[in-house]
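Below is one structure; the comments refer to it alone.
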2 protein chains.
Amino acid sequence: MLKYQQTATEIEAYIERHALQQGDKLPVLDQLIRQFEVSKTTMTKALELLERKGIIFQVRGSGIFVRKTNRKGYIELFSTQGFKQNLVAHDIQSNVLSFELIPCPETIAENLGTTPGDMVYFVKRIRYIDGNIMCLEESYYRQAIVPYLNREIVEQSIFEYLETALGLNIGFSDMYMHVGKLPETIAEHLELEAGDPALTVETIFHLTNGRPFDYSVITYHYEHSQFVVQANGLYL
Amino acid sequence: MLKYQQTATEIEAYIERHALQQGDKLPVLDQLIRQFEVSKTTMTKALELLERKGIIFQVRGSGIFVRKTNRKGYIELFSTQGFKQNLVAHDIQSNVLSFELIPCPETIAENLGTTPGDMVYFVKRIRYIDGNIMCLEESYYRQAIVPYLNREIVEQSIFEYLETALGLNIGFSDMYMHVGKLPETIAEHLELEAGDPALTVETIFHLTNGRPFDYSVITYHYEHSQFVVQANGLYL
DNA sequence: TATTGTAATTGTACATGTACAATTAATCAA
DNA sequence: TTGATTAATTGTACATGTACAATTACAATA
């Protein structure tokens, strides 16, 4: 683990240990540098990381403060590593409906930047959050990048396996979201009625080297899913 | 404008000028440094900024590459500065339904971190994208921070006014999203039926100094809005 | 009391330099 | 030709140091 990541983790622990709340002030930069025995660059990068994660915010001339969202039970949508919940870890379970190795359909191939017919693992599963149906997920993994998957892995966390066992470096993702009415075929999986509202999120996941390896379509159960996003301003 | 921001802008222009496409390689770091005549730190920060904006991605040992989303017509949800579209600017219009200065309701006060009764500007407007109804927006601005607003400003871009005319520094925001069925009262504004699906996004906007100044609830028209998010991985 | 000016505090921008890790290309061995 | 090894390329981590801008606190002034 990199030093600035390690430092960030330690600062998180510090915040937790001292039970700091929204708006509370951390020690000043110089003090943090001395306290955690790192260089200014490293501390600055650690703080920047925490800022991007929505843990703190920095105010020039004033100090470094704790930033916390006060609402519970919201899912963090944009942590590239699957589902990560707001502080409290929820219980995530999966029910695998389909698992097969197939030639890539044309529309999927476009999104994965490959040719139709290239072999892909297709995974279809229902995901539960604290015992409730959260979403239906349909994913396609390029076998050229993910050489092996099995039903056992797919029942657990796929991304965990990709990172830990296969050593893949997951980089960035493009997500496309829209809201619509549930078709009958999907509604029955979510135990909802056709025509009920639903959020659909298509995501194309890339490795750090830019190669797309996973295309997934997730349809969320509107009663059992709500999301929080902590955004940081970008200049124009 | 800061040097690294300026540099980032120039690199964007470079990409545009050379019509670089998804996956195309930029000059190597050293070359960029010489070409744009900045230090390594500045160039690194500029590139990091472009990476966060989803314009490029960097691969150690390999190079710097252009990252582009290929789908058009999607709204970028998370550019703190109101609505910014994917490359092509859309035509955004507003129809102001209400505009008044009122004592802050209790539930709003909680979100704005103020006391009930504190004066706030309440703005309710329909927003159109390319002539279609995009959403209904209800916003509350703390008068303590936004001393003056008028109907004319509210018909245009409020954030533009806050930044340019008032010189406010908009920092970060917390967004809460959920999907549900439209109630009759909102449906009629969007020219939809009660029970139709809708995405609702509550956002609390903060200044760079951490003070919340705007609480807004936006309900999107499900047929005229779809979103793109370019996410970058965060470590665990 | 209110306001203005000023100095201390504190984080950010930026430069320079060293070391290193991941990738890619070239080389060599089988 | 294939596979392993090596070397060159290229971006990232990290250290140190200077200058500066935004904030805050406090003193001076009206």
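- Residues satisfying the side-chain contact (heavy atoms from CB on, under 4.5 Å) test with B/Gln156, not counting sequence neighbours, are none.
- Contacts of A/Gln31 classified as side chain to side chain donor-acceptor pair (under 3.5 Å), with partners at least two apart in sequence or in another chain: A/Arg34, A/Gln35.
- Scored by the salt bridge (charged side-chain N to carboxylate O under 4.0 Å, His left out) test, B/Glu202 finds A/Arg71 as partners (sequence neighbours excluded).
- Sequence neighbours left out, the pairs with a member in residues 37-49 of chain B that pass side-chain hydrogen bond (donor to acceptor under 3.5 Å, both in side chains) are B/Ser39-B/Thr42.
- Residue pairs meeting the salt bridge (charged side-chain N to carboxylate O under 4.0 Å, His left out) criterion with at least one partner in residues 138-148 of chain B, sequence neighbours excluded, are B/Asp118-B/Arg142.
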Going 5' to 3' along nucleotides 6-19 of chain D, which nucleotides have protein heavy atoms under 4.0 Å from the base (write B), which only from the sugar-phosphate (write S), and which from neither (write -)? ---BBBBBBBBBB-
